[in-house]
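The structure appears below as structure tokens.
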Amino acid sequence: MGTTLPMSVTPAGTVLPARRPYHLLRTLSCGQAFRWRADGTGAAGVFAGRSIRLEQRRGAIAVEGLEGDGVSGALARYLGLDQPLRSIERELGHDPVLARILPLTSGIAILRQDPWECLASFIISAFNNIPKIELTIARLSERFGDALPGGGRAFPQPAALADAPARALRACVLGYRAPYIRSVARLVTSGSVDLQAPFALTYDEAKRMLLELPGVGEKVADCLLLFAYGKAEAFPVDVWVKRAVERWYFRGDAKTEREVRTFARRRFGSLAGYAQQHLFSYHRSQRTGSPGPRASVR
DNA sequence: ATTCAGGTGCGAG
DNA sequence: CTCGCACCTGAA
């Protein structure tokens with residue numbers, strides 16, 4: 001899917017075309033990535049070693065901070081601007097539950113994140129809560145990430161974490177996940193694990209490989225397959241999605257994690273990942289009250 | 001104080 | 001192979 005979308009560069013910055021129903025803030029704030037800071041109209045974060053800010057305005061994404069870097073195409077791909085959301089949501093809308101939810105969650109694309117950052121981030125997410133996940137990743141970046149030209153820090157390179165003293169990792173509130181992070185960092189740094197490999201593998205093959213990594217179980221593996229490797233048939237089952245599926249598809253009857261995953265992949269097929277995002281986003285917004293899927297989650 | 005939070009790795013049956 | 005449980009840590 002190496003798309004080359006048309007784009008334009010103006011003195012004000014770069015502008016990427018975004019087709020309806022693409023929704024930038026919903027995409028960046030539904031738990032796929034943990035470093036974007038929404039600020040009402042847009043979001044600030046790091047991409048390709050630059051601190052940038054994004055803002056959606058009628059059919060386009062305005063980008064500040066990326067002038068002349070020649071990575072606009074890569075950014076468009078990262079943001080999922082090339083994904084046919086209209087037809088995807090039309091298809092998902094055949095499901096009565098999703099048909100009811102979609103008006104509130106429409107426009108969520110699947111990000112194409114860097115595999116390493118995604119791996120480390122979702123290991124950290126295990127048995128954790130979002131504010132603390134964000135805190136941990138922010139501290140790791142501040143302490144171990146490369147300084148960026150426009151201020152801010154990159155997500156830490158594997159090598160930076162591979163050699164990190166246990167004490168320094170503890171200061172980032174990693175808790176019991178610290179050894180997992182250091183282990184995967186060493187595996188990647190040493191070359192014994194190739195994080196590019198899953199791109200060329202099938203969903204099942206790639207999942208089998210990822211499950212070998214310390215700290216990576218079914219849920220984290222599916223997050224990686226979906227958010228980094230573009231395997232849209234992945235359906236990560238976390239506590240929120242499990243509850244949502246039990247409630248809306250099984251009248252509240254308890255199901256095992258495996259049953260939920262099997263059910264979803266069967267029902268939604270190659271679009272299971274999108275279905276998961278809508279279910280997760282909607283259910284979580286209900287539980288946590290406002291601001292809802294449309295706005296930022298601080 | 002007790003419970004919960006976007007699970008995973010264990011050992012036991 | 002399924003099931004039950006401990007687990008860093010901070011906020012409610």
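Computed from heavy atoms alone, side chains included, the values below leave out hydrogens, waters and symmetry copies.
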Evaluate the ring planes of A:Phe235 and A:Phe268, with Trp represented by its six-membered ring, and classify them as parallel (under 30°), tilted (30 to 60°) or perpendicular (over 60°). parallel
Would you indicate what A:Gly215 reaches in the nucleic acid, counting non-hydrogen atoms under 4.0 angstrom: base, sugar-phosphate, or nothing? sugar-phosphate
Between A:Phe250 and A:Lys255, is there a cation-pi geometry (under 6.0 Å to ring centre, at most 45° from the normal)? yes
Residues A:Leu225, A:Lys207; criterion side-chain contact (heavy atoms from CB on, under 4.5 Å); working and verdict: CA-CA 7 Å; A:Leu225 291 165; A:Lys207 188 164 187 176; 3.7 Å; yes
Per-nt protein contacts along nucleotides 5-12 of chain C (heavy atom under 4.0 Å; B base, S backbone sugar-phosphate only, - none) come out as --BBBB--
Could you walk me through whether A:Thr262 and A:Glu259 pass the side chain to side chain donor-acceptor pair (under 3.5 Å) check? CA-CA 5 Å; A:Thr262 303; A:Glu259 285 172 323; over 6 Å; no
Say you pick atom P in C:dC5 and the same atom in B:dC4; how far apart are they, in whole Å? 15 Å
Could you check whether A:Glu257 gets within reach of a base, just the sugar-phosphate, or nothing at all, counting any heavy atom under 4.0 Å? nothing
Could you tell me whether A:Pro236 contacts a base, only the sugar-phosphate backbone, or nothing, with contacts defined as non-hydrogen atoms closer than 4.0 Å? nothing
Counting heavy atoms from C-beta on, name the nucleotide in B:dA5, B:dG6, B:dG7 closest to the side chain of A:Ala126. B:dG7
Backbone of A:Arg153 reached by a side-chain donor or acceptor of A:Ser141 within 3.5 Å: no
Counting the atoms with a prime plus P, OP1 and OP2 as sugar-phosphate, which does A:Ile124 contact under 4.0 Å by heavy atoms, base, sugar-phosphate, or nothing? nothing
Say we look at C:dA6 and B:dT3: how far apart would their C1' atoms be, to the nearest angstrom? 16 Å
Verify the distance criterion only: is there a donor paired with an acceptor across the side chains of A:Thr27 and A:Gln32 at less than 3.5 Å? no
Under 3.5 Å, is there a donor-acceptor pair linking the side chains of A:Ser125 and A:Arg177? no
Have a look at A:Val220 and say if it touches a base, only the backbone sugar-phosphate, or nothing, with a 4.0 Å heavy-atom cut-off. sugar-phosphate
For DNA chain B, consecutive-pair runs of 3 or more (Watson-Crick or G-U wobble, both H-bond-type distances under 3.5 Å) give B:2-5 with C:9-12, B:7-13 with C:1-7
When we call it a touch if two heavy atoms are under 4.0 Å apart, what does A:Val241 touch: a base, just sugar-phosphate, or nothing? nothing
Just to be sure I understand the rule, does A:Tyr180 reach a base, reach only the sugar-phosphate, or reach nothing, if contact means heavy atoms closer than 4.0 Å? sugar-phosphate
Rounded to whole Å, the CD-P distance (A:Glu212 to B:dG9) equals 10 Å
Should the pair A:Phe47 and A:Tyr78 be assigned to parallel (<30°), tilted (30 to 60°) or perpendicular (>60°) ring geometry? tilted
In terms of the angle between their ring planes, are A:Phe127 and A:Tyr176 parallel, tilted or perpendicular, with boundaries placed at 30° and 60°? tilted
Please state the P separation for the pair C:dG10 and B:dT8 - nearest whole angstrom. 22 Å
